Amino acid sequence: MDDSSALTIKEQRGDLKTPGQNSPFRNRSIDENIALFKAMREGQFTDGEKVLRAKIDMAHPNMNMRDPVLYRIQHAHHHRTGNAWCIYPMYDYAHPLEDAIEGITHSLCTLEFEDHRPIYDWVVEHCEMPKVPRQIEFGKLRIKNEIQGKRFINQLVTQKVIDEYDDPRLITLSGLRNKGIPIQAIHQFIHALGLPKSEGETELTMLDEEVRHVLSNTPRIHMIKNPLKVTLTNYPEGSVETLETKWFNEGSEDSRMLPFSKHLYIEKDDFLPEKPNKKWKRLSLGLEVRLMHAYFIKAEDMVCDKDGNVIEILATYDPATKSGSDFDERKPNGNIHFVEATTAVKTVVEEYESLLIDEADKTLPLDEILNPNALIRYEAWVEPHLPEDLAYFQAIRLGFYQNTPSGFKRVVALKSSFR
RNA sequence: UGGGCUAUCGCCAAGUGGUUAAGGCAUCGGACUUUGACUCCGACACCGGAGGUUCGAAUCCUCCUAGCCCAGCCA
């Protein structure tokens with residue numbers, strides 16, 4: 001039992017290179033110590049008036065072994081035990097005992113507790129615990145370009161940079177779940193990483209790849225992010241054709257109805273007036289592409305606004321090239337997806353990227369390294385007739401999305417070798 | 001000479017005296033393709049440095065270098 005103040009104990013502890021001094025109360029008798037400790041437990045002292053310490057070695061090179069405090073007085077209300085106790089054990093004393101009592105054999109924790117292992121072992125041994133647990137330390141799982149520290153996450157929430165603690169931009173478990181990352185992907189990701197003692201920074205692309213694997217068999221649908229109007233000049237006005245189309249998830253015979261008409265939307269990125277190079281497998285004037293699951297169309301002309309932006313493509317379609325017709329007289333310049341303009345449904349979509357900019361220096365202030373594109377919200381055009389129980393799907397050529405009551409959330413983008 | 005720990009490809013990570021030094025991610029080629037996806041082929045490391053021991057070293061020894069953690073009555 002030590003009557004010294006916190007400040008005195010601190011001063012007596014020495015520092016990294018100089019040994020500490022024994023407390024003047026270090027040699028109290030066992031009886032006196034027991035009586036004092038009982039009184040302490042009874043609440044006869046005020047906070048900080050006395051403390052229980054382990055008598056180890058004030059000159060120990062590991063400062064954790066310089067007579068560490070075991071119990072301190074805190075007349076505090078505990079959320080479980082109420083006011084039953086006014087003394088509380090320190091982590092270094094409670095933790096090894098809890099492990100031993102619970103029959104823990106391997107107690108895993110992070111690297112900064114390596115210096116505490118000697119006390120852990122000391123407590124187990126000196127308390128003569130019948131079961132001997134072992135503490136094993138490992139490195140934290142750090143992720144590149146992400147925020148993980150409680151302090152920083154709290155700051156982000158408080159400053160309203162993100163909405164809540166389960167914001168999908170966070171890589172907390174609840175954040176990942178909210179974003180729609182399947183639990184199997186997390187398991188596989190963790191399994192691939194192992195439990196090393198080295199402290200590296202893992203790239204999140206490893207998780208992304210696991211997510212794509214898990215989601216690879218989800219139904220595929222057509223969704224247009226940035227619509228560009230296409231008008232088929234040789235298609236009758238007013239009629240909407242319905243094409244039966246396989247979902248295209250492997251092993252499934254399910255099909256869906258995909259509308260098609262004179263008025264369509266394609267992705268803005270899928271058109272350039274002139275073919276820029278031989279690798280261009282999309283639409284250009286004079287070129288023919290296949291609209292997936294539908295027909296070949298050929299861009300004949302385009303309409304621009306006064307600023308020169310392309311706002312509409314005038315094209316023709318070839319009825320002979322209908323999907324499934326085994327037409328093979330010509331090869332299209334590529335395959336792009338589309339949506340029928342009059343039946344397409346507008347849907348709110350959210351997409352996420354890393355919270356921090358690439359190669360972020362985490363020692364800089366947060367507001368200097370936040371990625372402004374960590375959250376992007378937009379309205380997309382989606383084909384109709386989606387199943388009501390659709391939880392996940394792949395928007396063809398875009399990515400995997402989670403279907404939620406508030407809209408679509410992108411779980412992970414598709415890979416692309418397009419340059 | 002305070003103590004504890006780490007160091008294998010751009011990123012993770014196997015490996016514990018004899019292997020062509022696993023594998024994944026990323027990247028770069030190419031095949032296939034009604035998703036520039038998937039899949040499939042192919043390319044991609046003198047093991048932080050210097051010495052030493054050994055027939056043989058990423059693995060053992062010595063020295064060095066770099067990085068991380070520790071001075072709460074926090075966890």
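Throughout, a chain's letter reflects where its sequence line sits, starting with A, and its residues are numbered from 1. These numbers come from a predicted model, not from an experiment.
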N/O (side chain, [X]) to phosphate O (OP1/OP2, [N]) under 4.0 Å:
{"X": "A/R282", "N": "B/G36", "result": "no"}
{"X": "A/K10", "N": "B/G72", "result": "yes"}
{"X": "A/R72", "N": "B/G72", "result": "no"}
{"X": "A/K281", "N": "B/U33", "result": "no"}
{"X": "A/S216", "N": "B/A37", "result": "no"}

Return the 5'-most residue of the pair A/G194, A/R212 with respect to RNA chain B, ranking by each residue's nearest nucleotide.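 By nearest-heavy-atom nucleotide position, the 5'-most residue is A/G194.
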With nearest nucleotide decided by heavy atoms, which residue, A/E114 or A/A395, maps closer to the 5′ end of RNA chain B?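 Final value for this comparison: A/E114.
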Counting only side-chain heavy atoms from C-beta out, which of [options] sits nearest to [X]?
{"X": "A/S198", "options": "B/C69, B/G3, B/A13", "answer": "B/A13"}
{"X": "A/S323", "options": "B/C74, B/U34, B/U6", "answer": "B/U34"}
{"X": "A/M90", "options": "B/U34, B/C74, B/G10", "answer": "B/C74"}
{"X": "A/M206", "options": "B/A75, B/C12, B/G3", "answer": "B/C12"}

Base B/G3 to side chain A/D115, donor-acceptor N/O within 3.5 Å cut-off: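 It does, because a donor-acceptor pair links the side chain of A/D115 to the base of B/G3 below 3.5 Å.
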What residues form a side-chain hydrogen bond (donor to acceptor under 3.5 Å, both in side chains) with A/W280, not counting sequence neighbours?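 For A/W280 the side-chain hydrogen bond (donor to acceptor under 3.5 Å, both in side chains) partners, ignoring immediate neighbours, are A/S284.
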When you compare the side chains of A/E241 and A/S239, does any donor N or O come within less than 3.5 Å of an acceptor on the partner?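 Absent: no donor and acceptor within the cut-off.
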Taking the side chain as every heavy atom from C-beta outward, state whether A/K225 and A/L398 have any pair of such atoms under 4.5 Å apart.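 They are in side-chain contact.
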What is the distance, to the nearest angstrom, from the CG atom on A/L414 to the P atom on B/A37?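 That distance rounds to 8 Å.
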Determine, for A/E114 against A/K197, whether the closest basic-nitrogen to carboxylate-oxygen distance falls under 4.0 angstrom.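 Looking at A/E114 and A/K197, the cut-off is met.
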